[in-house]
Amino acid sequence: MPDKTENLEAEGALQADIKISKSYQIKRFWHNFKKRKIAVLGLVIVLLYVAIAIAAPWIAPYDPEEANFSIMLKAPGTIEGHLLGTDELGRDILSRLVYGARISIGIGVTVVIAAFFIGVPLGIVSGYYGGKMDFMLMRIMDVLMAFPQLLLCILFVAVLGANLTNAVMAVSIYTVPNFARMARSETLAIKNGEYIEAAKALGANNFRIIVSHILPNIMSPLIVLATLNFGNAVLTTSGMGFLGIGAQPPTPEWGAMLSSGRQYLLVAPHVTSIIGLAILFLVLGLNLFGDGLRDILDPKLKSD
């Protein structure tokens, strides 16, 4: 009984030291992040898009699906109340752009969360236990990664039907191997570390070791990966919407909006150019933010 109590006290002291260390790391992270102006710019862009998406019902001047055939294809600033003009059905582009931000960001969040919670546990289990389980799981990931991304998504949607939900599921499935492989490689790198051996010596079971010691210590590269995959998810689903196998009209999704406006490119270029710029700046912001995180969180790239 005394030995068990001592073990619990030792483990509690270890956890307290870890919490103090994490608090210091957070402060140091923010200090280093602020020095990277490009990364801060990326974060500002992303937060601006998030704010617009959240406030969409209050800042959109019109119903994004409301058509008005008397004002079709009006250029920005040529008609009162329609700041960014109207599309081929007379719908307000600003309203559709704002609601499209909500859909695109929702897609990115859904894909990243789904892929994270499926891929990371698979990768940790594969790397921690090894053996036949590792072999089987990684071969499944290899098969998924062997397909070109857009082709796999097209095949998936062709089987289940063309709609936004199936498009998001397809992109999520393709993204799972990215998280699984990253989690596996990081787990292999630390599973034989001294603090893991110390936790085992204190009587911690495998589940506790994975949750309390391995997962927290591999989160840094996974966070960077999540940020970069967010932008990729937005681009891929927009591409599927453009091809007509993602969101379907009249849903104000950016890819579908590009597709419907492309035939009016010569007479009303604003219909597609505004949406294209919105996608460009969102993905740019995510990539700048992700690169900044990588520079700070990747030990191989740290210079301070």
Side-chain angles (χ1 to χ4, degrees), residues 45 48-49 52-53 56 59-79 81-108 110-111 148-171 174 230-287:
I45 293 173
L48 178 61
Y49 272 86
I52 291 173
I59 64 177
Y62 296 93
D63 183 338
E65 298 181 8
E66 180 184 355
N68 185 347
F69 298 107
S70 64
I71 54 171
M72 295 186 299
L73 299 176
K74 295 297 182 180
T78 59
I79 183 169
H82 297 275
L83 184 63
L84 297 181
T86 59
D87 66 5
E88 72 280 1
L89 296 179
R91 295 171 296 194
D92 183 62
I93 291 180
L94 176 60
S95 299
R96 291 179 64 77
L97 183 70
V98 168
Y99 274 90
R102 170 173 282 196
I103 293 174
S104 292
I105 290 175
I107 287 170
T110 302
V111 167
Q149 181 175 5
L150 193 56
L151 176 60
L152 180 63
C153 293
I154 291 173
L155 291 174
F156 187 90
V157 171
V159 173
L160 297 182
N163 56 58
L164 184 58
T165 301
N166 291 339
V168 172
M169 290 175 60
V171 178
Y174 187 86
F230 194 121
N232 185 59
V234 172
L235 278 178
T236 304
T237 49
S238 295
M240 295 175 70
F242 182 82
L243 294 174
I245 57 174
Q248 301 298 307
T251 303
E253 192 272 329
W254 289 344
M257 292 166 66
L258 280 175
S259 179
S260 62
R262 73 184 188 279
Q263 56 187 316
Y264 306 102
L265 190 59
L266 295 179
V267 296
H270 68 279
V271 176
T272 52
S273 60
I274 292 173
I275 307 302
L277 288 173
I279 297 173
L280 169 66
F281 282 111
L282 175 57
V283 176
L284 176 64
L286 288 166
N287 287 340

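Treat the numbers as computed from the prediction; the structure is a model and nothing was measured. Numbers here simply count residues along the sequence, with the first being 1.
Here the side chains of E253 and S238 are in contact, with some heavy-atom distance below 4.5 Å. Contact check for F230 versus V111: no side-chain heavy atoms found under the 4.5 Å cut-off. Side-chain atoms of H270 and I93, non-hydrogen and from C-beta on, do get closer than 4.5 Å to each other. Using a 4.5 Å heavy-atom threshold, the side chains of M257 and R96 count as touching. Side-chain atoms of P76 and I274, non-hydrogen and from C-beta on, do get closer than 4.5 Å to each other. Counting heavy atoms from C-beta outward, Y99 and I103 have side chains that stay 4.5 Å or more apart. Residues T236 and C153 are in side-chain contact: their nearest non-hydrogen atoms beyond the backbone lie under 4.5 Å apart. V234 is not listed as a side-chain neighbour of I107, based on a closest heavy-atom distance of 4.5 Å or more.
Atom CG of L277 sits about 11.5 Å away from atom CG of L284, to the nearest 0.5 Å. Note that CG of N68 and OG1 of T86 are 8.0 Å apart. Values are rounded to the nearest 0.5 Å. The OG1 atom of T237 sits 11.0 Å away from atom CD1 of I245, with the distance rounded to the nearest 0.5 Å. One distance of note links OG1 of T272 with OH of Y264; it measures 12.0 Å at 0.5 Å rounding.
No donor-acceptor distance shorter than 3.5 angstrom exists from the side chain of S95 to the backbone of A60, with no hydrogens or angles considered. The backbone N or O of G261 sits nowhere less than 3.5 Å from a side-chain atom of Q263 that would complete a donor-acceptor pair. Side-chain atoms of S273 come within 3.5 Å of backbone N or O of P269 as a donor-acceptor pair. One N or O on the side chain of N166 and one on the backbone of L160 form a donor-acceptor pair closer than 3.5 Å. Checking side-chain atoms of T251 against main-chain N and O of Q248 turns up a donor-acceptor pair under 3.5 Å.
When every heavy atom of A167 is checked against every heavy atom of G246, the shortest pair comes out as CB-CA, 4.0 Å. Contact between F156 and A170 at its shortest, heavy atoms only, is CD2-CB, 3.5 Å. Nearest heavy-atom pair across L258 and G276 is CD2-N, 3.9 Å. Annotation for A162 and G244: closest pair CB-O, 4.1 Å, computed over non-hydrogen atoms. Across G85 and D92, no two heavy atoms sit closer than the pair O-OD1, 3.8 Å. The minimum heavy-atom distance linking A268 with L73 is given by the pair CB-CD2, 3.8 Å.
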Open item on the list: Run the side chain to side chain contact (heavy atoms under 4.5 Å, CB included) test on I59 and V98 for me, step by step, so that the C-alpha distance in whole Å, both residues' side-chain angles and the decisive distance to 0.1 Å come before the verdict.
Closed with: CA-CA 8 Å; I59 64 177; V98 168; 3.8 Å; yes
TODO: Show your reasoning for whether side chain to side chain contact (heavy atoms under 4.5 Å, CB included) applies to T110 and V171.
DONE: CA-CA 10 Å; T110 302; V171 178; over 6 Å; no
Task: side chain to side chain contact (heavy atoms under 4.5 Å, CB included) evaluation trace for M240 with L150 - done: CA-CA 8 Å; M240 295 175 70; L150 193 56; 3.9 Å; yes
- [ ] Carefully, step by step, assess L97 and I275 under the rule side chain to side chain contact (heavy atoms under 4.5 Å, CB included).
- [x] CA-CA 7 Å; L97 183 70; I275 307 302; 3.6 Å; yes
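Take A67 and apply the side-chain contact (heavy atoms from CB on, under 4.5 Å) test, not counting sequence neighbours, and it matches F69, L89, R91.
The aromatic rings of Y49 and W254 sit perpendicular to each other, their planes meeting at more than 60°, with 30° as the lower class boundary.
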